[in-house]
Trainee: 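Take a look at this one; I'll ask things after.
What you see is a predicted model, and the numbers here were worked out from it, not measured in a lab.
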Amino acid sequence: MAAKHDSKARIGIARGPRVRSRQAERTEATRQKLLAAAERIFARDGFEAARLEDIAAGAGYTRGAFYANYGGKEEIFFALLEQWVRQRIDSVTAVLRRQKSPQQKLAALRKHYAEIAKDRRLVLISLEFKLFALRHPEAHARLRDRHRRMRATWGKLFAELLQALGRTLPISNPAASACCLALAQGLLLEQLVDPKTLSEEDVRHMLGVFFDSIFRGNST
């Protein structure tokens, strides 16, 4: 009897981590579906007009399932922001690792930056939330803190590349990161308003020109 009891106990211990692992996988899958639905709804309806019911339904869940994973629209927006930043940094890091020389890395970073012009949905959602945050102090403070951490990460990447090139920027690395993103989003917004005046190719060209002017830097 003791042997059987010990055997069952061992099976229970073995099953425990697997059960928890499957539950974690299901939770992550649910959260990813909700994030994808939120991205679509935010881009379609705007941040303030977006309804939690529509986000939940778009992912195939109920409002209750939404709240089981996210506290509200602000929380899921910041989860989206974290995901975008992580994906963008991972993508750039992977591209840079494939390059051998600092000059090749700089060229790869320039190309990546110019391609931001294709990311329309991110620009629209970011603009919507920035306008919301400017009117709501708590959201503003949270967004400002996240942007500072994001720019510090990009600034570190810039610093490593510039050091390898023997250059310095005329402004701080985080400021350069903020300027690069602000110009990209501003140009893309104008292109969405009037594509006949400002084409995608125009946007990519101007982003390249700005990138060159910033990263030409000063020799050390």
Trainee: Without placing hydrogens or testing angles, list every side-chain donor-acceptor pair under 3.5 Å for residues 129-141, not counting sequence neighbours.
Mentor:
residue, atom, partner, partner atom, Å
K130, NZ, Q185, OE1, 2.9
R135, NH1, L131, O, 3.3
H136, ND1, F132, O, 2.7

Trainee: Would a hydrophobic clustering, with Ile, Leu, Val, Met, Phe, Trp and Tyr connected at side-chain separations under 4.5 Å, put L127 with L181?
Mentor: no

Trainee: Mind checking side chain to side chain donor-acceptor pair (under 3.5 Å) for R88 and listing every partner two or more places apart, or none if nothing turns up?
Mentor: D119

Trainee: Does the N69 side chain pair with the main chain of A65, one donor and one acceptor, at a distance under 3.5 Å?
Mentor: yes

Trainee: Does I171 share a hydrophobic cluster with V209, counting links as ILVMFWY side-chain heavy atoms below 4.5 Å and allowing steps through other members?
Mentor: no

Trainee: Please list all pairs meeting ring-ring contact (aromatic ring centres under 6.0 Å, His included) that have one or both residues in residues 149-189, counting only residues at least two apart or in different chains.
Mentor: F158-F215

Trainee: Nearest heavy-atom pair of D45 and D54: which atoms, and what distance?
Mentor: OD2-OD2, 4.4 Å

Trainee: Do we see a donor-acceptor contact under 3.5 Å between the side chains of D202 and S199?
Mentor: yes

Trainee: Could you pull out all residues at least two apart from R146 that satisfy side chain to side chain donor-acceptor pair (under 3.5 Å)?
Mentor: E82

Trainee: Among residues two or more places apart or on two chains, list those pairs meeting ring-ring contact (aromatic ring centres under 6.0 Å, His included) that have a residue in residues 177-197.
Mentor: none

Trainee: Is the F47 ring parallel, tilted or perpendicular to the F77 ring (thresholds 30°, 60°)?
Mentor: perpendicular

Trainee: Taking side chain to side chain donor-acceptor pair (under 3.5 Å) as the definition, give me every residue that meets it alongside R149, ordered by chain and number, with sequence neighbours left out.
Mentor: D145

Trainee: Does a side-chain heavy-atom distance below 4.5 Å link R98 with V95?
Mentor: yes

Trainee: So, the side chain of K105 versus the backbone of L96: is there a donor-acceptor pair under 3.5 Å, distance only?
Mentor: yes

Trainee: Would you check if T27 and R31 make a side-chain contact, meaning some heavy-atom pair closer than 4.5 Å?
Mentor: yes

Trainee: Looking at L143 and L81, what are the two nearest heavy atoms and their distance?
Mentor: CD1-CD2, 4.1 Å

Trainee: Verify the distance criterion only: is there a donor paired with an acceptor across the side chains of Q83 and R86 at less than 3.5 Å?
Mentor: no

Trainee: Has T93 got a side-chain atom pairing as donor or acceptor with I89's backbone, closer than 3.5 angstrom?
Mentor: yes

Trainee: So, are E201 and R204 salt-bridged, with charged N and O less than 4.0 Å apart?
Mentor: yes

Trainee: Which heavy atom of A56 sits nearest a heavy atom of T62, and at what distance?
Mentor: CB-O, 3.3 Å

Trainee: Does Q191 reach the main-chain N or O of L187 with its side chain, forming a donor-acceptor pair under 3.5 Å?
Mentor: no

Trainee: Give a yes or no on whether L189 and F210 share a hydrophobic cluster (residues Ile, Leu, Val, Met, Phe, Trp, Tyr; joining criterion: side-chain heavy atoms under 4.5 Å apart).
Mentor: no

Trainee: Answer whether the closest heavy-atom distance between the side chains of Y113 and L183 falls below 4.5 Å.
Mentor: yes

Trainee: Please give me the minimum heavy-atom distance between A50 and K73, naming the atom from each residue.
Mentor: O-NZ, 3.0 Å

Trainee: Should M150 and H147 be marked as a side chain to side chain contact (heavy atoms under 4.5 Å, CB included) after you check the CA-CA gap, both sets of side-chain angles, and the distance that decides it?
Mentor: CA-CA 5 Å; M150 175 178 67; H147 274 189; 3.7 Å; yes

